[in-house]
Every structure is written in C-alpha cells, then in structure tokens.
Amino acid sequence: MVVTLIDNVNIMSMDPSQTDNGVLRQTQLWIQDDKILAVGSAGAYSPVPDHRIDAGGKWALPGFIDCHTHLVYGGSRADEFRQRLSGTRYQDIARAGGGIQKTVRDTRTAAPQNLLQHSLRRTRRLVEEGVTTIEVKSGYGLDEQTELTMLNVAEQLGVYLPVTVMRTYLGAHTLPHQYKDNADGYIDFVCNTMIPKIATGEHASAVDVFCETMGFTAAQTERVFQAARSAGLAIKLHAEQLSDSKGAVLAARYQACSVDHIEYLDPNDVPALAEAGCVAVLLPGAFYYLKETQCPPVSALRQHNVPMAVASDHNPGTSPICSLLTCATMACIEFGLTCEEALLGITAYAAQALKLPDKGRLLAGLDADICLWDIEEPADLIYEMNGFRPYCRWVGGRYVD
Ligand code: NIG
Ligand code: FE
C-alpha cells in the first residue's frame, strides 16, 4: 500500500451536484494506491503518508477526458483543407470520392507501425495538456482487418502513454466501395459479423454510427443499435451534425450513453435525451473547421438538465485539432458555455459519456487521475488558450513526470 498526501492544495472536484463545481481551498488530497483516499482531511485514522507534497496553493483537478476522437488514421487531408478554404463544401468533396473515403484508402494501405507512430504523436499532445483518458473510434478501415488494426493501435496508445483508452467500433461511418449499391448488405456485415466479433474479442466497449444524409439512415442506425444491444456494447451516435435526421431521439430510445455533434437537434427532442440520461457531446472543433453557423440547442439542454460534454473530435477531415482545452474554450466562445460548464464537459460529463463513473471527479474512492495546475483559478485554463500545462500529475495513482 502506498499513500501520498498532497497538502496545502486548492481543489475543484468537478462534482456537478455542488454549485461551484466543488471548490475546496487550502485543503488536503490523499491518494492510496490507484484511488483517491480522501478529499480534505483523512480524519482521525489518517495513515502515515509515504509521500508528502506541499502544493503551495496550486489547484488539483481531475485529469481531462477527451470522450470523442478519431485519432488513429493514415494520411492527411491538407489538400481538402485547401479546397475548402477556396469554397468547396465538405459534402461535395465527399461526393467526389474524397473525405472519409480518402482516409479509408490511406488507412488501409498504412503499415500498423506507421498508424501507431502518428497516433502517438497526436495523443502525446493531448496528454501534455492534462488529458488522462481518451476515447478512440475505428471507422477508417470499414473492412474487418483494418478496423481491428485501428482498434489494436488505439489500445497500444495506452501502453506507450499514461492514458486510459476507451475504444468504440464505428464500422457504420461510411459505405465501403464494394457495397456501393448495397448499404443494407454492409449493415448486415456490421451487425452479423463485426459486432459479435468486436464484443467477443473485447476490441471495443461501444458502437457508434454516423446517422446523416451522407452517412446511414435512421432505420440502418437502429439495426446497428439492436446488434450492439444484443452484444452488450454501449451505444453512441454521430447525430444531427449536418441535418436533423432524428438520430438523437432514436439513440435515446436505445439508452445511448451519448449523442454527439447535435448542431441540428430540434429543441423539442431534448426532453427525450434527459429522460434517457444521455450525455450531449459538443464538438466545437468540427463546427469551426466546417464554418458551421447552426449552434447546438444549448439553452434547451440546460433547461432540461442534459449533461453537456465537450470533446476534440480529433479527425483528419472536420477537426484536426490536438488540444482538448482549445475545444473547451471554443465551446464557450462559439456555443455560449460558461467556463464552469466547459470544465465539467471535459471531466465529469465526459466520464459519463464513456460510462466511467470512477473517473472525471475528485471524490474519495474514485480513480486517482489528478493534475496539479499552477493557476490563480481553474477558469484560467479556459480563458487563456493554450497557456498552461500541468505542474505535475498522477495517473491511476502513479506519479507521472
Ligand atoms: O466526427 N461525422 C463523421 N465523422 C467525423 C468526420 C470524419 C472525417 O471527415 O474524416 C466527424 O466529424
Ligand atoms: Fe466524430
């Protein structure tokens, strides 16, 4: 048993039930092995600490959680970025065979070692700014072998870096060429071959679908949800990113843990999310890169107490951003979140979007994923874009330099 005492520390526990996100000043934080032993004094029976650190008034926050990324892929889409800058639409590039299809070609031909090297570089950037958990989706392989390679590379990220990796199977991202006129045939393959294999082999813990006019219909999405449910996998959805396809209400019917993007979500559909306990994941990076003008219905989400998470959506097309904190700031500027909402969105509610109740908050008994920050107040992290790196951190209770 190893006990660490962080003394003289300010804490923002990110407990959403506290009005101020759970601020405690000039207090103590105790770690025992991989868990938080106590927030504040450890009481009369406090153990003798093996390590004692004087935080000198620095702030302890939970490690950040990037709950929606597509970090593993081959190639680059810088050429398409240029085209978009000169006015071509994302949807038109996709229709002409670029977009996700371009990255599928590049990912299928990339050596796994090369995929790992580039994904490590991107993940390292996130880790450097205090991210201790990431979600990574497949979806640029579409065929069995490449999807499994992507998920395997994602797992490797957690071996090389101090980060917990949650994996999501996004086979229904776009239609592979060989199924060009047979979308339902591809959905058969996703539901009957891939999902059972993913579940049995524990290659991912969740399933996601791109439900959109340029992706899959609500009926096809529902078939994937049914297969995910029978296989015991969690459900997530790319919903209402470019149009109101009624994906979010469908996801709510299947008790999805999150619906992501949701710029075109009808405010009347928000109560269904609240009832299902579904997290709304806001992705301001994609909004920014696509020069979108339609904002997610934040007031309705607030009004119905739907938890809002914020994620980077890192991907080569719509959000090539390797900074979760930048996205948190963007969620405030673009979508009108408060600094406190943005911080909850990359901690407690991001954990909820990944069904990780032991992460994202500093409470006794939960995972000791903790960053110490040399800041005046936590809002500094949102206010000053790209200004801070953690002073030090513990990941799973282990001190990491
Ligand atoms: O989250 N919307 C679908 N998937 C990604 C974009 C993928 C791409 O363009 O490569 C997203 O925005
Ligand atoms: Fe995405």
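Worth knowing before you read on, the calculation uses all heavy atoms, side chains too, and leaves out hydrogens, waters and symmetry mates. Numbering starts at 1 and runs along the sequence shown. Both counts, for ligands and for their atoms, begin at 1 and track the order of listing.
More than 12 heavy atoms of other residues, nucleotides or ligands sit less than 6.0 Å from atom CZ of Phe388. Counting non-hydrogen atoms of neighbouring residues, nucleotides and ligands closer than 6.0 angstrom, the CZ atom of Arg398 reaches no more than 12 such neighbours. Counting non-hydrogen atoms of neighbouring residues, nucleotides and ligands closer than 6.0 angstrom, the NZ atom of Lys197 reaches no more than 12 such neighbours.
Checked against Asp208 for a salt bridge (Lys or Arg N to Asp or Glu O under 4.0 Å), the options Lys236, Arg167, Lys137 give a single hit: Lys137.
Among residues two or more places apart in sequence or in another chain, the salt bridge (charged side-chain N to carboxylate O under 4.0 Å, His left out) test is passed with Asp79 by none. Take Gln26 and apply the side-chain hydrogen bond (donor to acceptor under 3.5 Å, both in side chains) test, not counting sequence neighbours, and it matches Asn8.
A ring-centre distance under 6.0 Å is found for Tyr140 and His173.
Looking at Gln28 and Ile6, their side chains never come closer than 4.5 Å, going by heavy atoms from C-beta outward.
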Salt bridge (charged side-chain N to carboxylate O under 4.0 Å, His left out) assessment of Glu341 paired with Arg302: CA-CA 10 Å; Glu341 284 174 325; Arg302 269 192 201 120; 2.7 Å; yes
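Near-neighbour remark for the Fe ion (ligand 2): protein N, O or S atoms under 2.8 Å are His68 NE2, His70 NE2, His238 NE2, Asp313 OD1; waters not counted.
Protein neighbours of ligand 1 below 4.0 Å, counting non-hydrogen atoms: His68, His70, Arg77, Tyr90, Ile100, Tyr140, His173, Phe210, His238, Gln241, His261, Asp313, Asn315, Gly317, Thr318.
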